[in-house]
Amino acid sequence: PPEISTLPNLEEIDLGENKITGTLPVLTSHVLTSVKLDQNDLIGTLPDNQEYYYQSMTEFIVMKNHLSGTIPPYFFQQMPRISAINLSENDFSGVIPDELGNFQFLQFLYLDNNYFVGYIPSSIAKPHTDNQKVTKMLEEIWLQSNMLSGTIPPAFATLEMKDFFVDGNKLTGSIPPDLCRPSLNADFFDGISQIKIGNKCNAVACPAGTSSIDGVYPCRPCNSKYYNPYIGRTGQCIVLNQRVILNNFYKSTTIGGLWNGNNNWGNDDIFVCNFSGVTCDENNRV
């Protein structure tokens, strides 16, 4: 009921694992410490307002809903003591805000299985000072299964993380070597010896030119007909055959109906360079 959101002295709300529908409410209590609305059927976006300041908020958990939109620049800025942010398995999009690196007490950041794009902000790994003591509290960062690009910032190697997952994105380059330590992601490899894993970086993401079911160990090289430019590639490597690529493009763009006008893309007897609207170079490369 909407009346819950206006309770002035509400300290905790835990309504996870229900079938609650509707939009994410704007909670007005200034003494809130915990919001748990995970595993429901909520829709809508994160409230974009600066009216309410949650001085005591330590955890905000809305994983496994149907929330969408971007992370408003001021939303988490109103929670200076936040230690856990969980937006996993929703439909959020846009970039990961640099402002997420401003939280001194943040320990757990879960943004996986959404549609975030752009770079991983290096600001997330920046140190903070508490009584003249430098602190870096982040223990777990889950960014897997998004659409992030660029490289992993070397600054992440300075964090004493337990878990760090970036597979299933469009990241390039390599894992910073100092990040590849036996203790990272160790809980996900119980029962597998470090000798068998080999390259410790494979516990973070498989290198370019390989793939795996989960994007991490065990990593399998692509064969000569396939390629993969990304680290942490999940599933199969990318087909290099031009006809297969163009046919997949045609099928995915005609699900809702055929293209306007005449075209010959569905004809397997037509050379790809003769497809309507396609131009090739002197080596028959599209």
Between the side chain of N248 and the main-chain N/O of I245, is any donor-acceptor distance below 3.5 Å?
no

Just by distance, no angles: are the side chains of K126 and N102 close enough, under 3.5 Å, to form a donor-acceptor pair?
yes

Testing the 3.5 Å rule here: is there a donor-acceptor pair between the side chains of Y226 and Q236?
no

Kindly say whether R233 contributes a backbone atom to a donor-acceptor pair with the side chain of S211 at under 3.5 angstrom?
no

Can you tell me how far the CG atom of N9 sits from the NE2 atom of H30, to the nearest 0.5 Å?
10.5 Å

Donor on one side chain, acceptor on other, D41 and H66, under 3.5 Å:
yes

Closest non-hydrogen contact found for N40 with K19 is OD1-N, 3.4 Å

Report yes if the side chains of V166 and L148 come closer than 4.5 Å at any heavy-atom pair, otherwise no.
no

Taking the side chain as everything from C-beta on, heavy atoms only, tell me whether I43 gets closer than 4.5 Å to L67.
no

Evaluate the side chain to side chain contact (heavy atoms under 4.5 Å, CB included) criterion for residues I4 and L10: first the C-alpha distance (whole Å), next the side-chain angles of each, then the deciding distance (0.1 Å), finally the verdict.
CA-CA 8 Å; I4 290 180; L10 182 67; 4.3 Å; yes

Y119 atom OH, over 12 foreign heavy atoms within 6.0 Å:
no

Distance only, no hydrogens: is a donor on one side chain within 3.5 Å (strictly under) of an acceptor on the other, for S83 and Q107?
no

With hydrophobic residues grouped by side-chain heavy-atom distances under 4.5 Å, do M63 and Y110 end up in a single group?
no

Student check: side-chain heavy atoms of L184 and D163 closer than 4.5 Å
no

About how many Å separate CG of N114 and OG1 of T70, when rounded to the nearest 0.5 Å?
12.0 Å

Find out whether M137 and F105 are in side-chain contact, i.e. whether some heavy atom of one side chain is under 4.5 Å from a heavy atom of the other.
yes

Taking all non-hydrogen atoms of both residues, which atom of N169 and which atom of L143 are closest, and how far apart?
ND2-O, 3.0 Å

Flag the pair F164 / W142 as yes when their ring centroid distance falls below 6.0 Å, and as no otherwise.
no

Is V278 close to V272 at the side-chain level, that is, under 4.5 Å between some pair of heavy atoms?
no

For N65 and L37, work out which heavy atoms get closest and say how close.
ND2-O, 3.0 Å

Is it true that a side-chain atom of Q242 and a backbone atom of N284 form a donor plus acceptor pair closer than 3.5 Å?
yes

Considering all heavy atoms of both residues, which atom of P8 and which atom of S29 are nearest to each other, and what is their separation?
O-OG, 3.2 Å

Residues, nucleotides or ligands: over 12 heavy atoms within 6.0 Å of Y74 OH
no

Distance, nearest 0.5 Å, that separates CD of E140 from CZ of F108:
5.5 Å

Minimum side-chain heavy-atom gap I141-F156 below 4.5 Å:
yes

Is L7 linked to V26 within one hydrophobic cluster, defined over Ile, Leu, Val, Met, Phe, Trp and Tyr using a side-chain heavy-atom separation of less than 4.5 Å?
yes

Taking the six-membered ring for Trp, are F75 and F60 ring centroids under 6.0 Å apart?
yes

Quick one: CZ on R243 to CH2 on W265, what's the gap to the nearest 0.5 Å?
11.0 Å

Flag side-chain contact, heavy atom, 4.5 Å: F116 against F92:
yes

If you group Ile, Leu, Val, Met, Phe, Trp and Tyr by side-chain heavy-atom gaps below 4.5 Å, do F249 and L258 land in one group?
yes

Any side-chain donor near an acceptor of the partner, D112 and S88, under 3.5 Å:
yes

Could you go through R220 and T210, starting from their C-alpha distance and side-chain angles, then the distance that decides it, and tell me whether this counts as side chain to side chain contact (heavy atoms under 4.5 Å, CB included)?
CA-CA 5 Å; R220 297 179 177 85; T210 69; 5.9 Å; no

Taking atom types as modelled, find out whether T254 and W259 have a side-chain donor-acceptor pair closer than 3.5 angstrom.
no

Near Y115 OH, under 6.0 Å, is it more than 12 heavy atoms from other residues, nucleotides or ligands?
no

I need the I82 CD1 to T33 OG1 distance, nearest 0.5 Å.
10.0 Å

Strictly distance-based, threshold 3.5 Å: is any side-chain N or O of S212 a donor or acceptor partner for the main-chain N or O of Y217?
no

Nearest heavy-atom neighbours spanning P207 and N202
CD-OD1, 3.4 Å

Would you say the side-chain atoms of N267 pair up with the backbone N or O of D269, donor to acceptor, closer than 3.5 Å?
yes

Please lay out, stage by stage, how L27 and T6 fare under the test side chain to side chain contact (heavy atoms under 4.5 Å, CB included).
CA-CA 6 Å; L27 301 168; T6 60; over 6 Å; no

Nearest non-hydrogen partners of I175 and C180, listed with the distance
CG2-SG, 3.5 Å

Should the pair K162-E139 be classified as a salt bridge under the 4.0 Å nitrogen-to-oxygen rule?
yes

Hydrophobic cluster identity match, Y250 and I270, side-chain contacts under 4.5 Å
yes

Beyond-backbone contact of R81 with M57, side-chain heavy atoms, under 4.5 angstrom
no

Single hit among L42, N86, L24, D38 for side-chain contact (heavy atoms from CB on, under 4.5 Å) with V62:
L24

Starting from I96, can I reach M161 by hopping between I/L/V/M/F/W/Y residues whose side chains sit under 4.5 Å apart?
yes

Just how far is it from atom CZ of F76 to atom CG of L106, taken to the nearest 0.5 Å?
9.5 Å

Quiz question: by atom type and distance under 3.5 Å, do the side chains of N264 and S276 form a donor-acceptor pair?
yes

Would you say CG of N283 has more than 12 non-hydrogen atoms from neighbouring residues, nucleotides or ligands within 6.0 angstrom?
yes

